[in-house]
Amino acid sequence: MSAQVIRALVLALLTGVAALPVGIFFAEWAGWTIFCAGLGLQMAFHFRNFSRLDRWSQAPVVDSSLEGEGAWDGIFGRLYRHEKDLRQQIAQREEEIARIIAAAQALTDGVVLLDLNNQIVFCNTTAETQLGLMLRTDFGQPIVNLVRRPEFVAYLEAEDFSRPLTLRFDRKEERVLSIHLIPYAGDRRLMQIKDVTQADRLDRMRRDFVANVSHELRTPLTVLAGFLETLQEIELDRDEQQRFLAMMSEQSMRMESIVQDLLTLSSIESAPPPENELVDMANLIDKLRRDAEALSAGRHTIVVESDGRGDLRGAEPELVSAFGNLVANAVRYTPAGGTVRICWQASPQGAEFAVEDTGIGIEAKHIPRLTERFYRVDRGRSRDAGGTGLGLAIVKHSLSRHQAQLEIKSTPGVGSRFAAKFPASRVAGV
């Protein structure tokens with residue numbers, strides 16, 4: 001029996017003991033009155049504390065209002081401690097949940113939590129950006145109502161999540177997402193979203209590179225094999241032999257140029273950062289002018305525009321290769337009678353080397369891909385001009401190693417401008 005019950009019985013017994021003599025020696029009603037008054041006082045005491053407990057239960061708080069007298073003090077004390085511990089546990093759980101949500105928000109991958117009906121329970125900001133979601137308004141919405149790609153809907157309905165789904169978006173720019181659904185907690189699903197656009201682009205470039213190398217080498221090899229077979233099987237006069245040998249020599253030189261450019265590109269990519277040796281731009285510009293005049297053979301007007309100020313810090317062979325490719329392309333793709341300008345300007349804010357021509361120009365759709373290996377706007381014309389398809393790739397990698405940016409502007413039928421812009425840290429003598 002609890003102490004509170006024993007105490008209540010003792011008080012009732014004491015009240016009865018006090019009332020009994022009054023009822024025996026004075027009047028029976030007086031004894032009952034004293035007994036009932038004693039019980040009433042106990043009831044009033046308990047009712048007062050019960051009312052306080054009732055008020056507190058409607059709006060529980062952890063403060064001094066949860067106090068009582070007598071037996072109620074122990075009850076209120078236990079409730080106080082229980083409420084305090086419960087609130088601490090809740091605060092701890094909320095802090096843990098907040099940390100988990102913060103960690104999910106910090107992920108570079110998108111995360112979407114779905115219930116058994118594929119309704120959105122949670123998504124991080126990365127997923128909102130990737131799929132165009134908004135948790136505030138999309139909470140509880142079926143994911144298929146917001147991502148309506150047929151392949152995604154079929155992926156969910158098939159319920160075969162052993163392999164991720166690849167989604168390709170063709171909006172302002174091509175995006176490729178890899179979506180992997182992971183069942184958890186019985187009937188819940190976690191949707192992990194990875195942006196694999198860059199990896200997909202690199203994989204495509206790798207495949208294109210292998211295909212282009214094979215194609216570029218196959219053509220001269222086919223020509224060489226054909227001429228060799230002809231020379232072995234057919235008797236030719238000396239003039240025909242010389243013509244065939246000259247064509248074979250041309251094709252072998254073309255293959256040698258392709259291999260040499262591939263080796264150059266590979267060495268640039270694997271080389272350590274360029275040294276900060278001082279490159280004399282006046283001598284370099286003069287060399288580029290002479291090379292352009294030799295390649296043009298008098299068919300173009302070669303103009304140099306330079307303020308004569310400033311030099312560059314970097315690896316001179318790489319800069320010579322990059323600038324030389326730009327000048328050679330301008331000469332190759334400018335019709336006879338056109339003009340090629342070699343421009344150099346330097347200031348404390350940076351420097352710019354530019355090559356302008358009045359050539360055939362390039363359509364805007366081709367410009368973003370010009371620096372890809374073996375990318376050609378017009379394959380036949382590029383081969384006739386003697387290019388290997390690697391020149392601008394070499395330019396891009398050489399400039400990027402010198403923290404420079406390649407800017408291309410071109411108008412078909414008007415001409416092109418290729419400008420290499422260097423930061424102030426690469427400029428000296430201004």
Side-chain angles (χ1 to χ4, degrees), residues 60-62 83-209 269 365 368-369 371-372 396 400 403 405:
V61 292
V62 182
E83 181 69 16
K84 185 177 180 180
D85 292 343
L86 184 61
R87 288 177 180 268
Q88 289 177 346
Q89 291 176 13
I90 292 174
Q92 185 178 357
R93 295 293 185 272
E94 288 179 346
E95 185 178 352
E96 292 174 354
I97 292 172
R99 285 199 294 264
I100 293 173
I101 292 176
Q105 296 290 10
L107 291 174
T108 56
D109 292 342
V111 174
V112 181
L113 302 184
L114 305 175
D115 62 13
L116 71 166
N117 295 319
N118 290 325
Q119 295 174 335
I120 298 175
V121 177
F122 169 81
C123 68
N124 63 357
T125 53
T126 305
E128 290 181 332
T129 303
Q130 292 170 330
L131 299 178
L133 305 176
M134 187 176 295
L135 183 60
R136 186 177 67 250
T137 57
D138 296 336
F139 178 81
Q141 294 291 323
I143 187 70
V144 293
N145 290 353
L146 304 169
V147 184
R148 301 183 178 181
R149 301 295 296 267
E151 57 268 42
F152 177 72
V153 176
Y155 181 66
L156 283 180
E157 292 177 349
E159 296 188 351
D160 180 9
F161 307 134
S162 58
R163 294 183 179 181
L165 169 70
T166 300
L167 274 184
R168 298 180 181 274
F169 292 83
D170 299 322
R171 296 179 181 174
K172 293 182 180 179
E173 59 181 67
E174 182 181 353
R175 288 189 304 117
V176 183
L177 301 179
S178 177
I179 298 178
H180 195 184
L181 261 75
I182 305 170
Y184 77 101
D187 55 1
R188 302 281 175 158
R189 292 172 178 175
L190 184 150
M191 188 165 73
Q192 182 184 20
I193 309 164
K194 289 181 176 291
D195 190 333
V196 294
T197 304
Q198 184 65 16
D200 183 79
R201 184 181 294 117
L202 291 174
D203 187 60
R204 185 177 67 246
M205 290 175 62
R206 178 187 59 79
R207 293 195 303 268
D208 291 346
F209 174 72
E269 290 178 337
K365 66 180 181 180
R369 299 190 62 188
T371 56
E372 293 181 15
K396 175 186 175 182
S400 65
Q403 296 80 48
Q405 300 292 326

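This structure is a prediction, so every number in the text was calculated from the model and none was measured.
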Minimum-distance pair of heavy atoms, taken over all atoms of [X] and [Y]:
{"X": "Gln130", "Y": "Arg175", "result": "O-NH2, 3.2 Å"}
{"X": "His180", "Y": "Pro164", "result": "CB-CB, 4.1 Å"}
{"X": "Asp109", "Y": "Gln192", "result": "OD2-NE2, 3.6 Å"}
{"X": "Ala127", "Y": "Val112", "result": "CB-CG2, 3.7 Å"}

### Task
Output all residues satisfying side-chain hydrogen bond (donor to acceptor under 3.5 Å, both in side chains) with Arg99, sequence neighbours left out; order by chain, then residue number.
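Partners of Arg99 by the side-chain hydrogen bond (donor to acceptor under 3.5 Å, both in side chains) criterion, ordered by chain and then number, come out as Glu95.
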What distance do [X] atom [atom1] and [Y] atom [atom2] have between them, rounded to the nearest 0.5 Å?
{"X": "Leu133", "Y": "Thr125", "atom1": "CG", "atom2": "OG1", "answer": "11.5 Å"}
{"X": "Ile182", "Y": "Arg188", "atom1": "CD1", "atom2": "CZ", "answer": "16.0 Å"}
{"X": "Leu131", "Y": "Leu177", "atom1": "CG", "atom2": "CG", "answer": "6.5 Å"}
{"X": "Met191", "Y": "Asn118", "atom1": "CE", "atom2": "CG", "answer": "9.0 Å"}

### Pair Glu128 + Arg136: basic N to acidic O under 4.0 Å
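No, no charged N to carboxylate O under 4.0 Å.
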Return yes if some donor-acceptor pair links the side-chain N/O of [X] with the main-chain N/O of [Y] below 3.5 Å, else return no.
{"X": "Thr126", "Y": "Leu107", "value": "yes"}
{"X": "Asp203", "Y": "Ala199", "value": "no"}
{"X": "Asp195", "Y": "Thr197", "value": "yes"}
{"X": "Asn124", "Y": "Ala104", "value": "yes"}

Using atom types as modelled, flag every donor-acceptor pair under 3.5 Å from a side chain in residues 140-148 to any protein atom, sequence neighbours excluded.
{"unit_1": "Arg148", "atom_1": "NE", "unit_2": "Asn145", "atom_2": "O", "d": "2.8"}
{"unit_1": "Arg148", "atom_1": "NH2", "unit_2": "Asn145", "atom_2": "O", "d": "3.3"}

### Query
Is there a side-chain contact between Val176 and Leu167 (heavy atoms, below 4.5 Å)?
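The answer is no, as the side chains (C-beta and beyond) never meet within the 4.5 Å cut-off.
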### Task
State whether the number of non-hydrogen atoms from other residues, nucleotides or ligands found under 6.0 Å of Gln405 atom CD is greater than 12.
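No.
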### Message
Determine whether Glu151 and Arg168 satisfy the following criterion, salt bridge (Lys or Arg N to Asp or Glu O under 4.0 Å), listing intermediate values before the conclusion.
### Response
CA-CA 10 Å; Glu151 57 268 42; Arg168 298 180 181 274; over 6 Å; no
### Query
Which pairs count as ring pair (Phe, Tyr, Trp, His ring centres under 6.0 Å) when at least one residue sits in residues 122-166, sequence neighbours excluded?
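Qualifying pairs, neighbours excluded: Tyr155-Phe161.
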